[in-house]
Amino acid sequence: MTLHHELPTSTDFATLAGEHRPAITVYASTSPVVNERERAEVSVKSAFDHALDQIKASGAPATELDALRRERDGVLGDFALWGALSRSLAIFVAPGFTEVFVLPNRLDDAWHVGSHFTLGQLLRAPSQDQEAFALTLSAHEWKLWHATPTARALPLETDPSHPADLDAATNREPGENSPRGGQHGDRGEVGDERGKKLIDIYAKRIADATKHELAAIDPDGRVPLFVFAAEPLLSALLDRARNGRRIVGVPGSPDRLGASEIDAALREQLARLNVAEADAALRGLAEANAGRVERDLAAIARLAVDGAVETIWFDFTTSVNGTLDRETGAIEFATGNGTGETLADGTPAGDLLPQLALLVFAKGGRIVTVRGEDLDDGAWSGPVMAELRFALA
């Protein structure tokens, strides 16, 4: 068994692609919280039981079933795997073959049996943002966090010369009356105008500190920042923090949030941001660049071979089976308009959408996986859509 704690690479996808008969694919949502591990183990075991029952019913020989059970037992009994879970597992098993990916993003529970592994959900991890910064901010304290594709959110060490809290930022002695809307409990209140001024000063100081700290780690502003704070501090900070980086406010007091809660909230917010950005991009493309949009799967394949596809979006919840010639872009659909498991001549067929996405990627294009039901119907008709590098005549 090969266990991966890194995001899948093009080499990994090449290993998983092609025929692996019989191929069992299992996706399971998990949690790094130890007391939630049992639910994930039960889910994975149940998926394997269903898959093995289906393979047995198809007439598979006992030797093949025994080989698959050995691979399953290796997964279920691996302490290194179950002792270091993240948000999801992607498991790919065939006789004498097991690849397992521990992933930071939330995947849907699913299992599939066929001649090829189902790779759509696996493509979600490297095709979407899986890294983020967080700022937890209250009058009591502020803290920066960093979550990566392979590690849970951890607090960042910051310059100790930055103000530690609202009192320090506004040159007030501890115990002075707090501004209205601050979170200093029974220290009292002052007038609204003075309170607003103090909050504005604090927000500006922390916005400047945050900008300084993150510029050293991510100077291009590529990684989004999520700000966890209660009003009116949240709005005051957001008003002063816009600097080109994607910044999202998350209302509510963060004082009682620990590392695991921050990580879980960041992953949830990242998923929402990924959906919102995909939806906005698709709507903008459909409205402004109709000549650069292609929705026909066969046409996209031919264009992908020539490196003409800039970005491909595909619905990972939908399967269209068939074969793809990576040299010519020719597609042959499986029986039943792509719903069957084989071609008309009995040749095993795989899911075309991830195959096509990987072809686009190999030619320098970008992949975005989506869930069709999350998107605006006016811009998305699924199951696949491509933005071309040039407008079609």
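Model, not experiment: these values are computed from the prediction. Side chains included, hydrogens not; waters and symmetry mates left out as well; all remaining heavy atoms used.
- Nearest heavy atoms, R205 versus A168: NH1-O, 4.5 Å.
- For R283, the side-chain contact (heavy atoms from CB on, under 4.5 Å) partners are D279, A280, E287, D376, A379, not counting sequence neighbours.
- Residue pairs meeting the side chain to side chain donor-acceptor pair (under 3.5 Å) criterion with at least one member in residues 335-357, sequence neighbours excluded, are S319-D351, D345-T347.
- In this view, D53 satisfies the side chain to side chain donor-acceptor pair (under 3.5 Å) rule with no residue, not counting sequence neighbours.
- Scanning both residues, P155 and K143, for their nearest heavy atoms gives CB-CD, 3.7 Å.
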Side-chain donor-acceptor contacts of residues 296-306 below 3.5 Å, not counting sequence neighbours, with atom names and distances?
{"unit_1": "D296", "atom_1": "OD2", "unit_2": "A298", "atom_2": "N", "d": "3.3"}
{"unit_1": "D296", "atom_1": "OD2", "unit_2": "A299", "atom_2": "N", "d": "2.9"}

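- Take E19 and apply the salt bridge (Lys or Arg N to Asp or Glu O under 4.0 Å) test, not counting sequence neighbours, and it matches R21.
- Applying the side-chain contact (heavy atoms from CB on, under 4.5 Å) test to R256 and every residue at least two apart in sequence or in another chain returns nothing.
- Under the 4.0 Å criterion applied to side-chain N and carboxylate O atoms, R246 and E277 are assigned as salt-bridge partners.
- Chaining together hydrophobic side chains whose heavy atoms lie under 4.5 Å apart places L266 alongside W145, F226, F228, V248, V250, L257, I262, L270, L273.
- L16 places a side-chain heavy atom less than 4.5 Å from the side chain of F97.
- With sequence neighbours excluded, no residue satisfies ring-ring contact (aromatic ring centres under 6.0 Å, His included) with F316.
- Under the salt bridge (Lys or Arg N to Asp or Glu O under 4.0 Å) criterion, E261 pairs with no residue at all, not counting sequence neighbours.
- Under the 4.5 angstrom side-chain criterion for Ile, Leu, Val, Met, Phe, Trp and Tyr, the cluster partners of L81 are M1, L3, I24, V26, V44, F48, L52, I55, L65, L68, V75, L76, W82, L85, L89, I91, V93, V100, V102, W111, V113.
- Every residue was checked against the ring-ring contact (aromatic ring centres under 6.0 Å, His included) condition with H112, not counting sequence neighbours, and none meets it.
- The salt bridge (Lys or Arg N to Asp or Glu O under 4.0 Å) check on K45 picks up D49, with sequence neighbours excluded.
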